[in-house]
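See below for the structure under consideration.
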Amino acid sequence: MQADPFSDILKFTRAESLVTGGFRAGGQWAIRFPAPDKIKFFAVVKGRCWVRIEGEPDAVLFETGDVGLLAAKRASVLASALDIEPVDAMGLFSGAGRSTATLGDGEDFAHLGGHVLLDPASGRLLEGVLPPWIHIRAASPRATVFRWVLEQLVEERAHPLPGAQLVTEQLSQLLFIQILRAHLEASGPMPAGWLRALADPRLAPALRLMHGDPARSWHLEELASACAMSRTTFAVRFKDIAGVAPLSYLADWRMRLAERALREEDTPVAVLARSLGYASESAFSNAFKRVTGKSPTTWRNAVADSMR
């Protein structure tokens, strides 16, 4: 199977999405949610609502099947109309273990929400490239998939069968991945970075090669040839899209892999250096220190001390 850089990065950041609750509403209603400390997602499974996000000039109408993802730490209001004074979500959902609520008769609107957990260290790789918020409409090209996932999530929560917790977790993860896919397909120009590079089909072959074998000493000519471009055209396009030169991207990915290994494994530095394609421990140590400001051993010890 070919390397999949997108999956590599999601696994590297340990992105894990969880449905945590929802609410039903009827009549006139409005709820204010505090700024989240995690990436937050929600779906409208019935009816429609206005969504106003702190710092955004205009409210947005979400309809049945629409999905939103809030990556910024901003408060938000969901409402049936914009002139209604919102109630505080913290009070509405207060109570031990309470994850659902009903406003009014609950017949007009249904909401499903959750959040995305990320590794405290490596998660910044994903947090740093997401826009403040994403709105995926039910009419998007991925509407069929979204509709199926949402229907299954609602069914699993309403009529739990054996294994419902695991099924819900897997469906939540699928929903998050589909949100990111839809964003990559439908978004306008994105800032230069790895996420934009993954969305560029012309660069995909080079990214697959580097992620498939990061220890290999890749040459610019090989990567350019895989993308059916000249060396110069490839180098310019890659830097424009990814924000860094191709071999700098490879070196950065190696360093991220090194940080994870130093944090989670007891692999000797010399062995780690060879596994990442460095000819010697000193070459690896020098490269690592240029990026982090610390030698691999010092960095590993500092991480270990911070976890005690």
Side-chain angles (χ1 to χ4, degrees), residues 1-15 69 71 118 122-132 134 136 140-142 145 174 176-261 272-280 283-284 286-292:
M1 182 179 293
Q2 285 187 321
D4 179 1
F6 189 52
S7 294
D8 284 348
I9 292 172
L10 289 182
K11 287 187 290 186
F12 179 77
T13 60
R14 289 198 171 91
L69 185 141
L118 295 172
S122 60
R124 292 191 294 271
L125 180 63
L126 182 58
E127 288 177 319
V129 297
L130 289 176
I134 296 171
I136 306 299
S140 74
R142 295 196 170 271
V145 178
L174 178 58
F176 176 57
I177 293 171
Q178 292 295 340
I179 291 172
L180 295 181
R181 283 178 170 177
H183 171 63
L184 290 177
E185 292 172 357
S187 65
M190 288 185 283
W194 67 262
L195 189 62
R196 184 178 172 191
L198 293 184
D200 189 310
R202 294 190 64 190
L203 297 181
L207 289 165
R208 285 196 293 267
L209 289 177
M210 288 188 282
H211 279 258
D213 191 358
R216 178 170 169 174
S217 180
W218 291 103
H219 296 286
L220 197 59
E221 292 81 359
E222 294 176 285
L223 300 173
S225 177
C227 297
M229 299 184 205
S230 71
R231 185 177 183 274
T232 301
T233 300
F234 170 72
V236 170
R237 183 176 182 84
F238 196 100
K239 188 165 186 179
D240 285 345
I241 300 296
V244 294
L247 298 184
S248 295
Y249 176 94
L250 175 62
D252 184 61
W253 181 239
R254 285 174 171 175
M255 290 299 102
R256 293 186 184 277
L257 294 175
E259 287 178 348
R260 183 176 65 181
L272 178 59
R274 289 194 298 272
S275 73
L276 291 173
Y278 289 89
S280 66
F284 167 65
N286 290 335
F288 190 86
K289 190 169 185 177
R290 280 196 301 271
V291 173
T292 66

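What you are looking at is a predicted structure, and each value in this text was computed from that prediction instead of being measured.
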How close do [X] and [Y] get, heavy atom to heavy atom, and via which atoms?
{"X": "Ile136", "Y": "Ile179", "value": "CD1-O, 4.2 Å"}
{"X": "Ala224", "Y": "Ser230", "value": "CB-O, 3.8 Å"}
{"X": "Ala71", "Y": "Leu130", "value": "CB-CB, 4.0 Å"}
{"X": "Leu209", "Y": "Trp218", "value": "O-CZ2, 3.4 Å"}
{"X": "Pro246", "Y": "Met210", "value": "O-SD, 3.6 Å"}
{"X": "Arg216", "Y": "Leu250", "value": "O-CD2, 4.1 Å"}

I want to check something: taking the side chain as every heavy atom from C-beta on, are [X] and [Y] in contact at a cut-off of under 4.5 Å?
{"X": "Met255", "Y": "Thr292", "answer": "no"}
{"X": "Phe6", "Y": "Leu207", "answer": "no"}
{"X": "Leu126", "Y": "Ile9", "answer": "no"}
{"X": "Val145", "Y": "Arg181", "answer": "no"}

*For side-chain contact (heavy atoms from CB on, under 4.5 Å), just list the numbers for Phe238 and Leu223, CA-CA rounded to whole Å, side-chain angles, deciding distance to a tenth of an Å, and then say yes or no.*
CA-CA 10 Å; Phe238 196 100; Leu223 300 173; over 6 Å; no
*Backbone N/O of Cys227 and side chain of Arg202: donor-acceptor pair under 3.5 Å*: no
In Å and rounded to the nearest 0.5 Å, what is the [atom1] to [atom2] distance from [X] to [Y]?
{"X": "Ser217", "Y": "Tyr278", "atom1": "OG", "atom2": "OH", "answer": "10.5 Å"}
{"X": "Arg142", "Y": "His183", "atom1": "CZ", "atom2": "NE2", "answer": "13.0 Å"}
{"X": "Arg260", "Y": "Lys11", "atom1": "CZ", "atom2": "NZ", "answer": "8.5 Å"}
{"X": "Phe12", "Y": "Arg14", "atom1": "CZ", "atom2": "CZ", "answer": "9.0 Å"}

_One pair to check against side-chain contact (heavy atoms from CB on, under 4.5 Å): Ser275 and Leu272. What are the steps and the verdict?_
CA-CA 5 Å; Ser275 73; Leu272 178 59; 3.7 Å; yes
*Could you give me the CA-CA distance, side-chain angles and deciding distance for Leu257 and Arg254, then say whether side-chain contact (heavy atoms from CB on, under 4.5 Å) is met?*
CA-CA 5 Å; Leu257 294 175; Arg254 285 174 171 175; 5.6 Å; no
*For the residue pair Trp253 and His211, categorise the inter-ring angle as parallel (less than 30°), tilted (30 to 60°) or perpendicular (more than 60°).*
tilted
_The test is side-chain contact (heavy atoms from CB on, under 4.5 Å); show your working for Asp200 and Arg237 and say whether it passes._
CA-CA 10 Å; Asp200 189 310; Arg237 183 176 182 84; 2.7 Å; yes
*asked:* Tell me whether Asp252 is salt-bridged to Arg256, with the criterion being a basic N under 4.0 Å from an acidic carboxylate O.
replied: yes
